Amino acid sequence: MSQEMHSTNTQSKNAAFWFVIANVAIKMVSFVTVIVLTRIIAVDEYGKYSVFNSYKEILFLFASFSLYNGAYLRGLLYFKEDKEALLHSIIAVSAVLTTIEAVLLFAFRNSLFGIVGLSIRTYIALVLLFYAAPALNCWIVYNRFEYKYKTAIVVLVLYNAVPLIATVLSTILISNTADTAIMAYLISQSIICIPFLLKSISFKSLAADAAKIRDIVKYSLTYQIPLVFHALSYYLLAQSDRMMISQMAGNDKAGIYSLAYGVASMLTIFQVSLQQGFQPNRLRQIENNAWAGFRKDSSYIMYVLTTIVVLFNVAFHDIYRIVFSEYYMEGMGIVPIVSASVVFMGAYSFYIDVETYYHKTRNVAAATVLCAILNMILNYVFIGYYGYIACAYTTLICYALLALIHLCFATKILKQSGVQERIIILKDHLICIVCLLLSIAVSIVFADSMIRYLFMVGVIVVVWIQRKRLFLL
């Protein structure tokens, strides 16, 4: 391994580690905020606050197309000499999209405001945030790309934690209503974002580089629009099972499933952090045809995620019994199945990077739409036969299928591009899958047995013996 490759690999691992710390810190603040809010505001007010946050994510997707996380990141490689023009273009397009959405929301306010949970003042605060947030997000992405992850992490934590603290304080000091909580959250996030927006605005650049800006805008939209459908389908893939359980098995079963799903989904902190840490290096590896490094990084991430999931699967039972009431115990078997999906989320992120690098974003959207539809069909069929717990298995199957489809797409794209390289080390991925399936079996079959702990000790011993190989990957 060359000195440069070793250096970037170390930077990626360091970045991933600190993103784990940051995301855990954000999650802890969020968890404490939920506990406090549920104690100081009424149940229906907390319900309004939760519903608004769910809609806010969808609205922001359409107000920005997530250009900062797709077209901008890829554009940092594609427009190496025009990074300033790229930034100005992304901010300008996001502003236009936000304006269109703001006009539509206001035009249909009589029906939409009630659904989303908006008042006139929260509407104004929301639009202000949507104008400002893409600039901060671009700044974070750029610093991740340049491995300036320490400053990016500080801003990321402030952007997520300060509004949550402001939300709690406002409901205590001003009014314990959802409207107050929402306003505090939106205004505090906007205050953090506005300096980044002011720094990113350049009307002079937009006018001087009109032809260049036009090319970048065209590139950004053609690249990103399919990824909007991908994001919506991915959201549906993650949420549709709870909606269908509520309709087909009752709200009580939906509650049990949602709790178990939420516990398992905590592991996505590690998957997202590894993605954030390694993605800039992966894109550079693709650009430089450094496929040996790409494969090693993929195996490293698979082994790390598998180890975390396996240990979690055999160890969560006792904490689950202590924290949650007896009513929720029937959902315990859901946790290890859903948690295994996290490894497949990590796997397909490698393949998506190949697809998006070669501008094949339609493939990304097609695969996600297909798996989202398949998941709903499987849920509809198997909930009737096997009950709501079947949704955990259909979720795992669909995430595994999603990873396989993306692997096939990415392999085909490389062949069409004249690259005769393998994307993954198949043996490593198969070992991880076998370990996952074994941990699910041990977790479910031996839920009340000491065998779980023996298995956990065995995993720890194997990881310790193989620690040098893991760290040198």
Side-chain angles (χ1 to χ4, degrees), residues 61 66 69-70 224-244 261 264-265 267-272 274-276 278-279 282 286 294 297-299 301-302 304-306 308-309 334 336-382 390-414 422-426 428-430 432-437 440:
L61 172 64
S66 293
N69 203 33
Q224 196 69 25
I225 287 174
L227 294 181
V228 174
F229 292 98
H230 158 71
L232 286 172
S233 299
Y234 190 78
Y235 182 83
L236 192 61
L237 177 60
Q239 300 293 331
S240 62
D241 46 7
R242 277 157 281 188
M243 299 173 188
M244 296 183 72
Y261 193 101
S265 295
L267 297 183
T268 58
I269 289 174
F270 299 97
Q271 183 263 320
V272 169
L274 288 165
Q275 169 75 353
Q276 290 172 330
F278 278 85
Q279 189 180 37
R282 278 210 300 264
I286 298 170
F294 186 96
D297 283 354
S298 300
S299 292
I301 292 172
M302 285 291 287
V304 169
L305 284 176
T306 301
I308 291 169
V309 170
I334 294 167
I337 304 163
V338 174
S339 68
S341 304
V342 173
V343 176
F344 292 104
M345 293 178 196
Y348 81 68
S349 68
F350 319 142
Y351 319 139
I352 284 181
D353 282 342
V354 175
E355 295 171 81
T356 54
Y357 177 86
Y358 285 98
H359 210 147
K360 302 296 183 181
T361 51
R362 290 183 181 179
N363 289 1
V364 177
T368 314
V369 170
L370 174 65
C371 288
I373 294 172
L374 177 63
N375 186 53
M376 288 188 287
I377 294 172
L378 292 175
N379 286 342
Y380 181 78
V381 171
F382 289 108
C391 289
Y393 292 94
T394 61
T395 296
L396 177 59
I397 290 168
C398 287
Y399 277 114
L401 180 62
L402 188 62
L404 180 61
I405 293 172
H406 282 303
L407 173 60
C408 294
F409 280 162
T411 302
K412 181 180 178 181
I413 289 166
L414 288 183
R422 291 177 293 109
I423 299 176
I424 62 172
I425 301 173
L426 184 60
D428 291 340
H429 281 55
L430 291 176
C432 290
I433 292 171
V434 170
C435 291
L436 278 179
L437 295 176
I440 292 172

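Model, not experiment: these values are computed from the prediction.
- Distance check: Arg282 CZ to Ser349 OG gives 4.5 Å after rounding to the nearest 0.5 Å.
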Quick one: do Phe270 and Val309 satisfy side-chain contact (heavy atoms from CB on, under 4.5 Å)? Show the steps, please. CA-CA 10 Å; Phe270 299 97; Val309 170; over 6 Å; no
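- The two atoms that bring Phe409 and Asn363 nearest to each other are CE1-O, 3.5 Å, heavy atoms only.
- Here CE of Met302 is found 10.0 Å from SG of Cys435. Values are rounded to the nearest 0.5 Å.
- Minimum heavy-atom separation, Ser66 to Gln224: O-NE2, 3.1 Å.
- Looking at every heavy atom in both residues, Val369 comes nearest to Phe229 through CG2-O, 4.4 Å.
- Scanning both residues, Met244 and Asn379, for their nearest heavy atoms gives SD-CB, 3.7 Å.
- If you take CD1 on Ile308 and CG on Leu267, they are separated by 7.5 Å, rounding to the nearest 0.5 Å.
- In this structure a side-chain-to-backbone donor-acceptor pair under 3.5 Å is missing from Asn375 to Cys371.
- Atom OH of Tyr358 has more than 12 heavy atoms from other residues, nucleotides or ligands within 6.0 Å.
- Scanning both residues, Glu355 and His406, for their nearest heavy atoms gives OE2-ND1, 2.7 Å.
- Remark: side-chain polar atoms of Ser233 are not paired, donor with acceptor, to backbone N or O of His230 under 3.5 angstrom.
- Residues Asp297 and Phe350 fail the side-chain proximity criterion, which asks for heavy atoms closer than 4.5 Å.
- With a 4.5 Å cut-off on side-chain heavy atoms, Thr395 and Ile337 do not count as touching.
- Here the side chains of Ile433 and Phe344 are in contact, with some heavy-atom distance below 4.5 Å.
- Between Tyr399 and Tyr348, the ring-plane angle classifies as parallel under the 30° and 60° cut-offs.
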Apply the test side-chain contact (heavy atoms from CB on, under 4.5 Å) to residues Leu274 and Val304: give CA-CA distance (whole Å), side-chain angles for both, the deciding distance (0.1 Å), then the verdict. CA-CA 9 Å; Leu274 288 165; Val304 169; 4.1 Å; yes
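- From Leu227, atom CG reaches atom OG1 of Thr361 across 5.0 Å, with rounding to the nearest 0.5 Å.
- Rounding to the nearest 0.5 Å places CD1 of Ile286 at 8.0 Å from CG of Leu414.
- Within the 4.5 Å cutoff, no side-chain heavy atoms of Leu407 are placed close to those of His429.
- For the atom pair CZ of Phe294 and CD1 of Ile423, the computed distance is 6.5 Å after rounding to the nearest 0.5 Å.
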Quick one, Leu61 with Tyr235, criterion side-chain contact (heavy atoms from CB on, under 4.5 Å). Give me CA distance, side-chain angles, the key distance, then yes/no. CA-CA 11 Å; Leu61 172 64; Tyr235 182 83; over 6 Å; no
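- Across all non-hydrogen atoms, the minimal contact from Tyr234 to Thr368 is N-CG2, 3.4 Å.
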